[in-house]
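Residue numbers start from 1 in every chain, and the chains themselves are labelled A, B, ... in the order their sequence lines are given, proteins ahead of strands.
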Protein chains: 4
Amino acid sequence: MNETDKQQLRIGSTQFDETSKGVYLITVTPFKSDGELDLESTDRLIDFYLQAGANGLTVLGVMGEAPKLTAHESAEYVRRVLARVNGRVPVVVGASAAGFASMGELTKRVMDLGAAGVMVAPVAGLRTDDQIRAYFSMVNETLGPDVPWVLQDHPNATGVQMSASVVMQVIDQSPRCVMLKHEDCPGLGKLSSIRAAQAQKTLKQVSILTGNGGGLFLPEELMRGADGAMTGFAYPEMMVDVIEAHCAGDQDRAFDLFDAYLPLSRYEQQPGIGLAVRKYILAKRGAIASATVRKPGPALSKLDIEDIERLIRRQQQRLTQLG
Amino acid sequence: MNETDKQQLRIGSTQFDETSKGVYLITVTPFKSDGELDLESTDRLIDFYLQAGANGLTVLGVMGEAPKLTAHESAEYVRRVLARVNGRVPVVVGASAAGFASMGELTKRVMDLGAAGVMVAPVAGLRTDDQIRAYFSMVNETLGPDVPWVLQDHPNATGVQMSASVVMQVIDQSPRCVMLKHEDCPGLGKLSSIRAAQAQKTLKQVSILTGNGGGLFLPEELMRGADGAMTGFAYPEMMVDVIEAHCAGDQDRAFDLFDAYLPLSRYEQQPGIGLAVRKYILAKRGAIASATVRKPGPALSKLDIEDIERLIRRQQQRLTQLG
Amino acid sequence: MNETDKQQLRIGSTQFDETSKGVYLITVTPFKSDGELDLESTDRLIDFYLQAGANGLTVLGVMGEAPKLTAHESAEYVRRVLARVNGRVPVVVGASAAGFASMGELTKRVMDLGAAGVMVAPVAGLRTDDQIRAYFSMVNETLGPDVPWVLQDHPNATGVQMSASVVMQVIDQSPRCVMLKHEDCPGLGKLSSIRAAQAQKTLKQVSILTGNGGGLFLPEELMRGADGAMTGFAYPEMMVDVIEAHCAGDQDRAFDLFDAYLPLSRYEQQPGIGLAVRKYILAKRGAIASATVRKPGPALSKLDIEDIERLIRRQQQRLTQLG
Amino acid sequence: MNETDKQQLRIGSTQFDETSKGVYLITVTPFKSDGELDLESTDRLIDFYLQAGANGLTVLGVMGEAPKLTAHESAEYVRRVLARVNGRVPVVVGASAAGFASMGELTKRVMDLGAAGVMVAPVAGLRTDDQIRAYFSMVNETLGPDVPWVLQDHPNATGVQMSASVVMQVIDQSPRCVMLKHEDCPGLGKLSSIRAAQAQKTLKQVSILTGNGGGLFLPEELMRGADGAMTGFAYPEMMVDVIEAHCAGDQDRAFDLFDAYLPLSRYEQQPGIGLAVRKYILAKRGAIASATVRKPGPALSKLDIEDIERLIRRQQQRLTQLG
């Protein structure tokens, strides 16, 4: 096993099914400073994520700048990720699409390439419960009986509000839905009510990974029964460490670790500019060659960078104190 | 009975309950050219509406510029309308409000003054079926057992999409909801499915008046079982005449009449500028003294007025041909 | 010249530039009853449009179900259209895309295949004037100096409101923007103010084709200086005839023709269900083999079809009367 | 000077004008457990805020449940606040209203009662720069030359996005606009560009108080030149302390203090449930008698309360460590 095949799995497992636990990282897509797709950095980034202890990866999500890629680039990027991962962890591919024909085509292609499953959010414009249920009937028909998939509940990105009861109905009507990506906010009550239904056996089991802003509510979500996180943060080890402490029953340490990173994770979660912050840090940490966000995208100012550097400095001090 | 007590009721009745039929006019609110509330024109306008054959009036709706009135003006205006109507037809008052305290206070006041009932639309921001049902539970609690009310389904104005099934659930959970103001668009299928449920006795009876843009689909809506219209148009006699022909079984005449007015009703239904068009014509017809729309509101250009005058001229010719 | 090469051009020309006049038809995309792309019907439909007198075609617009096609199907469809048109009229391709890389790729491909230009609407989510101007700077950079393009102002579809002044700034900053597709509603005032600026030479000349709902305001828009229409309607000859009468100075006939079709064009313009209405009529007229709308899409009920048949019958009578 | 007249002003001043600095607290509105307005708690709460070092108060904002009050209750509440404050600090009253008549009426009434000024946000629905500028022209006309006012830039609540350039244009066209409540997020860049314009004398001076989520970016905003904060948080002393440390040049202490409160302020900033969290803590601290949020409003679950208590406990430990 060569260097890139090592993975520091410390929590959960690498199974992708309704028992999944741990951290699925939403990957960024690396670009060179001229805006070209950077496939070499892709390799480096994958290794960085796996060495941080990722249990899985999710590619072509919103924070992956998927809509800015051409169809050809998307394919090339997914192929590269899957080749580099080489089966070490499951890779989930975002398959939300404006039409079912595209969703079906993309799904077939990535499953053939070795993806573990796909992730689907409700299409923008759905409003009523009836519309949402009907939409996911068509999703099930499109994906078919062989593709396990993640239901993404992310109203801030999609504009679609799914009540807890609708989320549960969609899960129930979807035999191959194995995971919920929970990123409604506020979402703690929703999470608790879904877990309660599962405890009472009125809802089948699915894995629930939370995605609220870089894990901005991670320790509370774990207390409510989340199985882990599916999100991105320039310090993915924070999520791994917090979950590890939580699972070891050391809640104080889980909160202490979380709090140490919170000033920076808060800053990285600013809408719009957040991705530029994340890429700046990933580049600084050597995980990617360039912090470039493809146009149209934000650029950091000198003052922004001063903010980030200050936050990193303070975070290091705090982590040193914690030991 | 003096002059103002005459009313030319030609269709339906003047009862306000689940058996109501005919035309409820959404009244405009007259202002003087300096923007002051014009109470004398209010009297004149009420007479104009009743002489056109209105079965009821609805005041303080969106097209009544309700949000532009002070609380004091609102009260004064409603009092004047009720005094002038003097029991000849039922008056429904728009009671949609950001808060239940205000809704309750307004409802009590107008019912004490002699209103027949109130109209309530879902508050902006409601999204899921659960939220909508919960909201109308609170509406029922707020209005109490004595106030008959109209459910207004107007997604273009509120942003709230209610599926046919939710509309029916709200009707069923609301003992005093006696009428549906149907102004979803497209809404013909929704109307048919609600009528089908009532035919099958799975839904209690309510009156359904349609409000789509000055009755822009009135003859088709009548064919689907609507009881009439609740909307505004500068020629309210069009709606009365169309419904009369429809009820007399003369569908061809109903459509002919409707078509004769359609070029103008289409023009009057332009979002934004429509109210200025309506008031221009009402002033021209002598129903109000000034066409003033209170600020912030649109003003007609010379070219707009040329359009309107041309449409009126052509409409007259067409009506003359029809006889 | 074989049968399919005939085109009944009665108005305007077939140039695609800032002097374009007449009717650019927004094409539907034909599907077989099983949902497959129907390329044979595509040929038939193109002939139908050209025989109706179209001055140009616009493909892959919203009403063309573009988002429901796979990338491969899109390419195949555009290739087929261009082959069948065979240079008889210009073909504009909708190139609005979530990202500039896709927009550039699509544009290059269709221009290589023989498209006359592309059409671009502002991406959903743009709000401020600064954002809109910056977006179209990037559009210009993406399309380059050789591709003439149409600015699509369609707030109902995009959610982006462009004031008249911003539309004019975008036109001014875009050397290759040759046409405005004007489908803001209400839009008569906006149209007049843009034409006024051009009359005063403070804005460069562009062709303005209007797209408001199947031409629902076409005669008024022509009076305000529109050069024609870019929209779809199951009776494209209406738009050709109205413009012909208008250009011949016979305004009464222009309005008479328009009014004869208005009850049906109004019905076809219902949001959601409208495309199913249009395809039903096109299939009935033999222009396409099947009225199928690809999922997710509306289906017509028996009552809807009764409505449409009644409207067609009445329209025929009216046209017969007009002569 | 009796007990209630004491105020612990430690930072800034109590002037309300373009030189204002410090903390303006967005007050909650206390209700009894049965939902009635609680005027006794109002007195207690005012004292609590002033003893925490508030430089001013803002009432009838969104977090003050203003829309849930009747007109009468609003008036009573404002009168009580003004009486209790008794001139010790300026009180700003939220005057955003759907119509200018109501805005003018409310403004006149509260200014007569002793308010220092009003706060106005753009009305929902404004989209283009032209619309926004025109709206604030009418605001200026409505408020007149004697009423100093705060421009509230809060897109999350209003849906209105104002670019930095439009904010500056509104400030420039508004002689009596003395303060900007800055709560766009991300807003650091906007803040910097407004301050830069003022430094270059291309924009007149106004006070800038930030309102992002309980001060969730307070120390960074102070570094960018903010004059303080106008927001609510159950521990208002945090904001006072952070600003004091910042002004004393002790940035490390400013950040340390801020970080100690951040886990809780983050939790309190959850949309929807946040106000219930804030009132729970204020009740626990004895500032109000009941944590009741008026309907429709969220209620805390047992698990929510466990979260809050844990966060309070940890916050106390952290503050003790800091000294």
Side-chain angles (χ1 to χ4, degrees), chain B residues 29 31 34-37 60 62 64-77 94 96-109 122-128 130-142 156-159 271-272 293-299, chain D residues 29 31 34-37 60 62 64-77 94 96-109 122-128 130-142 156-159 271-272 293-299:
Chain B
T29 302
F31 297 104
D34 62 359
E36 286 302 296
L37 188 60
L60 299 188
V62 172
E65 300 176 71
K68 297 183 198 163
L69 301 177
T70 66
H72 177 72
E73 288 172 332
S74 276
E76 217 183 355
Y77 175 69
S96 301
F100 292 113
S102 302
M103 184 188 292
E105 187 185 51
L106 170 67
T107 298
K108 189 178 174 342
R109 202 180 63 228
V123 75
L126 297 179
R127 297 299 292 270
T128 69
D130 284 349
Q131 288 169 344
I132 294 167
R133 284 187 295 255
Y135 184 79
F136 282 103
S137 286
M138 285 186 276
V139 168
N140 284 326
E141 196 185 307
T142 302
N156 274 356
T158 60
V293 174
R294 203 175 245 195
K295 287 198 290 186
Chain D
T29 302
F31 297 104
D34 63 1
E36 286 302 297
L37 189 59
L60 299 188
V62 171
E65 300 176 72
K68 298 184 200 163
L69 301 178
T70 66
H72 178 73
E73 287 172 331
S74 274
E76 215 183 357
Y77 175 69
S96 301
F100 292 114
S102 303
M103 185 188 292
E105 188 185 50
L106 171 66
T107 299
K108 187 176 176 343
R109 202 180 63 229
V123 74
L126 298 178
R127 298 298 292 270
T128 68
D130 283 350
Q131 288 170 343
I132 295 168
R133 283 186 296 255
Y135 184 80
F136 282 104
S137 286
M138 286 186 277
V139 168
N140 284 325
E141 198 185 305
T142 302
N156 274 356
T158 60
V293 174
R294 204 176 243 194
K295 289 198 291 187

Would you find a donor on one side and an acceptor on the other, under 3.5 Å apart, between the side chain of D:Ser102 and the backbone of B:Leu69? yes
Chain B interface, residue from D:Ala101, D:Ala134, D:Ala124 that has the most non-hydrogen pairs under 4.5 Å: D:Ala101
Can you tell which of D:Gly35, D:Pro296, D:Gly104, D:Ala71 has the highest number of heavy-atom pairs within less than 4.5 Å of chain B? D:Pro296
Given heavy-atom pairs under 4.5 angstrom as the criterion, report whether the side chain, backbone, both or neither of D:Glu65 touches chain B. neither
Contact origin within D:Glu141 toward chain B - heavy atom pairs under 4.5 Å: side chain
Using 0.5 Å steps for rounding, measure from the CD atom of D:Glu105 to the NE2 atom of B:His72. 8.0 Å
Supply the atom-to-atom distance D:Phe100 CZ to B:Lys295 NZ, rounded to the nearest 0.5 angstrom. 8.0 Å
